[in-house]
Q: 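This is the structure, below, for whatever I ask next.
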Amino acid sequence: MTQNIPEFQPANLDAWAKAAAKSAPGGDVNALNWLTPDGISVKPLYTAEDTQNLSYANTLPGFEPYLRGPQATMYAVRPWTIRQYAGFSTAEESNAFYRKALAAGGQGVSVAFDLATHRGYDSDHPRVTGDVGKAGVAIDSVEDMKILFDQIPLDKVSVSMTMNGAVLPVLAGYVVAAEEQGVSQDKLSGTIQNDILKEFMVRNTYIYPPEPSMRIIGDIIEYTARHMPKFNSISISGYHMQEAGANQALELAFTLADGKEYVKTAIAKGMDVDDFAGRLSFFWAIGMNFYLEVAKMRAARLLWCRIMKGFNAKNPKSLMLRTHCQTSGWSLTEQDPYNNVVRTTIEAMAAVFGGTQSLHTNSFDEAIALPTEFSARIARNTQLIIQEETHITNVIDPWAGSYMMEKLTQDMMDAAWAIIEEVEAMGGMTKAVDSGWAKLKIEAAAAEKQARIDSGKDVIVGVNKYKLKTEDAIEARDIDNVAVRDSQIARLNAIRQQRDAAQVRQALQAIEAAAASGNGNLLDLSIKAVRARATVGEISDAMEKSFGRHRADTQKVTGVYAAAYDTDATAGDTMDYWNALKAEIADFATAHGRRPRVMISKLGQDGHDRGAKVVATAFADLGFDVDMGPLFQTPEECARQAIENDVHAVGVSTLAAGHKTLVPAIIAELKKQGADDIIVFVGGVVPRQDYQMLYDAGVKGIYGPGTPIPASAKDVLKQIKKAIG
């Protein structure tokens, strides 16, 4: 007996809206829409009508405009490369970590350098006493680089190096280390980040001003196109923009605009676009905004294809956007840190659904300290499980055809393209960076996000909701900075004694002359200097004589935190707390004839200033007088400025593990200069096992990741009152 099954009728959207309105707030179905920080309205329901007028249709992976992926078969034939971004302490320790990671399933090496190396200083320079071997591996010469890659076959293992400021001596060191391993330049594969424009916006590990920095990029693109055909000459990075506070549309727009600027630079050197464009790559952050991250990556490929067609690129490889991704470090929490395993897994899934070519997954303890081997193994296995157990790799672009995802991809393209056109109207990304406009856009977004978290509008599990009553201690990796620096200085002294001093001097003079004249290729000359055993600091200094060292203007946004906090507070007690604290600060000003004055400082070579800028903005909105110290201060310089500005307190923002050296040093300097009445507080990534040491040194308050800014502000005010008496 055949059963008659009724046919489905076409969807009736009006009927759905009436049904949904019964449970929607105020009976308005539009109240269910989610307005993202990018200004995109995400609806609770998408239908075929949302995809009728898209600017793309019937696209396939591996074909223009590459929205569905740069390769035709994507992961069905070759899954993404599993990378482990790491570097710490000495080259020996980092090498041991890389070899273990490769043996355990890692498929490429991603090198993190310490901040002294990033900023072009040798380890014996007096400005980097607290930075050597912290937050990355210390590299001073090719001898360090040879140890870093010992027993790692550089003709078989691709190497990614996150380096921008000291990019010339570091890339040259890698090339020479490979040569002395027996691997010629044409066999090297991997990527050098070499993205200086984003450094001026967010990460701040620059050395030279924008114009000579762009010349360096052009020289690297030119040299690698001729001699290193398998090596990616630049990785255009949005990662650090999102980590600094940019939403997905800003990250997408600014990164593609940076890429456009680099293409212009290479063409201006007389290169044909198809000679180099196929070796450009990109680098995205993947945060907890799951849908938008997938849409961002799909949109990026189409927009880059559009941009490159504008340069008359004809080779299909020139039109493809290929990318590495890294899960967010900023989304990781110090509180209830095992939640970070889940966060990283979700972010890794978004990167895979978006079609990344390689991926690094952060370890759960990176909001506390450098990852341990235990946490790094979990992070690496997260990718292995996705690749090996889920069968996600069997389907190419599984989100294709989703009403929601296709519309969201279009919305993301439209939002990013509007920003790109705004940048072009300014004269390009270099002008947008020089003016400070781009940096302030990101800082405003960061302040708004922090206010939404502190007010409870945006939920962070374990931080502002579902908090643990007590936190279990987590094992954290600790680096003996003094021992690392001593070992590096010993190796530097040995190299300087053994090398041919006249040959080194001649090589450095050639670099200095080329920098001054504009003639010659600086990477070619740096490779020759490295072969002679010139150091990272010496090569950087040779260029600095002509280029100078960049000094950034210190600016901060105002009113953004307060506006977002006022608008987004969801409970009366948060606003009551905010208003009561503002009144208390006003009372202090009345009683003492001036407002409480704080100076927010970054000590050492740590340029990551998102936290410092957000705190400065929020404190100012509460009523504090706030001074921002310039980046890269020594403790002596910081103490002098604090005294000259007559502040009540100095707040040290630390993300790069230099707190054990630099914070006691600023306290000692204040005392030495007769100002031990100025209190010192610390915010940022500080392992709890270091708290007592800092308190014993004289620190009055420590505020780790996740501390609501109003709570830290209230405690700082309390400490100032106590110090005044």
Side-chain angles (χ1 to χ4, degrees), residues 56 59-74 78 81 158 160 167 171 175 184-197 214-238 252 255-284 297-324 355-358 413 416-417 420 423-424 428-430 520-524:
Y56 60 91
T59 66
L60 290 170
F63 293 87
E64 291 183 32
Y66 303 104
L67 181 142
R68 299 192 60 190
Q71 286 91 35
T73 53
M74 290 297 289
R78 181 185 176 187
T81 301
S158 69
S160 172
V167 62
L171 181 54
V175 167
S184 59
Q185 295 179 24
D186 62 310
K187 293 183 174 61
L188 295 174
S189 65
T191 304
I192 187 80
Q193 190 164 99
N194 194 28
D195 175 6
I196 202 64
L197 286 175
M214 292 297 286
R215 179 201 164 177
I216 289 169
I217 286 172
D219 282 3
I220 290 172
I221 292 173
E222 180 182 52
Y223 184 93
T224 53
R226 292 177 179 173
H227 303 286
M228 302 167 68
K230 296 168 66 177
F231 197 82
N232 297 328
S233 55
I234 189 167
S235 173
I236 304 150
S237 174
L252 175 56
T255 306
L256 295 181
D258 280 352
K260 190 173 183 179
E261 201 82 347
Y262 297 138
V263 172
K264 290 179 187 176
T265 299
I267 291 173
K269 287 185 70 69
M271 299 182 68
D272 183 271
V273 65
D274 286 319
D275 288 342
F276 65 87
R279 302 313 309 174
L280 305 182
S281 69
F282 287 79
F283 175 24
W284 304 116
M297 294 178 67
R298 300 174 89 243
R301 289 189 287 268
L302 188 146
L303 291 180
W304 185 244
C305 183
R306 181 189 298 176
I307 288 169
M308 293 309 293
K309 278 185 166 294
F311 287 108
N312 295 317
K314 297 177 178 61
N315 189 326
K317 290 186 177 180
S318 301
L319 305 175
M320 296 176 189
L321 183 149
R322 294 159 299 107
T323 191
H324 171 69
T356 190
Q357 277 62 70
S358 66
M413 283 192 289
W417 194 252
I420 291 170
V423 169
E424 284 300 299
M429 204 61 195
T430 301
N521 186 287
L522 290 170
L523 177 55
D524 180 49

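Hydrogens, waters and symmetry mates are skipped; everything else that's a heavy atom, side chains included, is used.
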Q: Do R301 and P70 touch side chain to side chain, with heavy atoms closer than 4.5 Å?
A: yes

Q: If you define the side chain from C-beta out and look only at heavy atoms, does anything of W284 sit under 4.5 Å from S237?
A: no

Q: Among all residues two or more places apart in sequence or in another chain, which pass the side chain to side chain contact (heavy atoms under 4.5 Å, CB included) test with K309?
A: E64, C305, L319

Q: Report yes if some heavy atom in the side chain of E424 is under 4.5 Å from a heavy atom in the side chain of K260; otherwise report no.
A: yes

Q: Is there a donor-acceptor pair closer than 3.5 Å between any side-chain N or O of T323 and the backbone N or O of F282?
A: yes

Q: Can you name the side chain to side chain contact (heavy atoms under 4.5 Å, CB included) partners of T73, sequence neighbours left out?
A: V77

Q: Is the side chain of Q193 donor-acceptor paired with the backbone N or O of S235 at a distance under 3.5 Å, no angle test?
A: no

Q: Only counting residues at least two apart or in another chain, list the ones meeting ring-ring contact (aromatic ring centres under 6.0 Å, His included) with F231.
A: Y174

Q: Can you list everything that forms a side chain to side chain donor-acceptor pair (under 3.5 Å) with D524? Sequence neighbours excluded, please.
A: K528

Q: Apply side chain to side chain contact (heavy atoms under 4.5 Å, CB included) to V167 and I216, showing your working.
A: CA-CA 9 Å; V167 62; I216 289 169; 3.7 Å; yes

Q: Please check if the side chain of T224 supplies one atom and the backbone of I221 the other of a donor-acceptor pair under 3.5 Å.
A: yes

Q: Going from CG on N194 to CG on L280, what distance comes out if it is rounded to the nearest 0.5 angstrom?
A: 10.0 Å

Q: Side chains of F276 and V263: closer than 4.5 Å at any heavy-atom pair?
A: yes

Q: Apply salt bridge (Lys or Arg N to Asp or Glu O under 4.0 Å) to R226 and list each qualifying residue two or more places apart in sequence or on a separate chain.
A: E222

Q: Please collect all side chain to side chain donor-acceptor pair (under 3.5 Å) contacts where either partner lies in residues 261-278, sequence neighbours excluded, each pair once.
A: D195-Y262, D219-K269, E261-T430, D274-S318

Q: Can you tell me how far apart CG (L303) and OG1 (T255) are? Round to the nearest 0.5 Å.
A: 11.5 Å

Q: With T191, which residues qualify under side chain to side chain donor-acceptor pair (under 3.5 Å), at least two apart?
A: N232

Q: Can you name the residues that form a ring-ring contact (aromatic ring centres under 6.0 Å, His included) with Y223, not counting sequence neighbours?
A: H227

Q: Looking at K230, I'd like to know if its NZ atom is crowded, meaning that more than 12 non-hydrogen atoms belonging to other residues, nucleotides or ligands lie closer than 6.0 Å.
A: yes

Q: Name all residues meeting the side chain to side chain donor-acceptor pair (under 3.5 Å) criterion together with W304; count only those two or more places apart in sequence or in a different chain, and write none if there are none.
A: none

Q: Tell me every residue that passes salt bridge (Lys or Arg N to Asp or Glu O under 4.0 Å) with R68, counting only those two or more places apart in sequence or in another chain.
A: D397

Q: About how many Å separate CG of L197 and CD1 of I236, when rounded to the nearest 0.5 Å?
A: 10.0 Å

Q: My understanding is that only residues two or more places apart in sequence, or in another chain, count here; which of them pass side chain to side chain contact (heavy atoms under 4.5 Å, CB included) with Y56?
A: L54, T59, L67, R298, L302, E406, T409, Q410, M413

Q: Would I234 and I217 count as a side chain to side chain contact (heavy atoms under 4.5 Å, CB included) here? Give the steps.
A: CA-CA 8 Å; I234 189 167; I217 286 172; 4.1 Å; yes

Q: Within the side chain of Q71, is there an N or O that forms a donor-acceptor pair under 3.5 Å with the backbone of G69?
A: no

Q: From R322 CZ over to T356 OG1, what is the distance, rounded to the nearest 0.5 angstrom?
A: 11.5 Å

Q: If you measure from CZ on R279 to OG on S233, what distance do you get to the nearest 0.5 Å?
A: 8.5 Å

Q: Mind checking whether M308 and V273 have side chains closer than 4.5 Å, heavy atoms only?
A: yes

Q: Check L321 against Q357 and note the closest heavy-atom contact, atom names and distance.
A: O-OE1, 4.2 Å

Q: By side chain to side chain donor-acceptor pair (under 3.5 Å), which residues pair with S358, not counting sequence neighbours?
A: H324

Q: Rounded at 0.5 Å granularity, tell me how far OG in S160 sits from CD1 in I192.
A: 8.0 Å

Q: I220 versus L522: any side-chain heavy-atom pair under 4.5 Å?
A: no

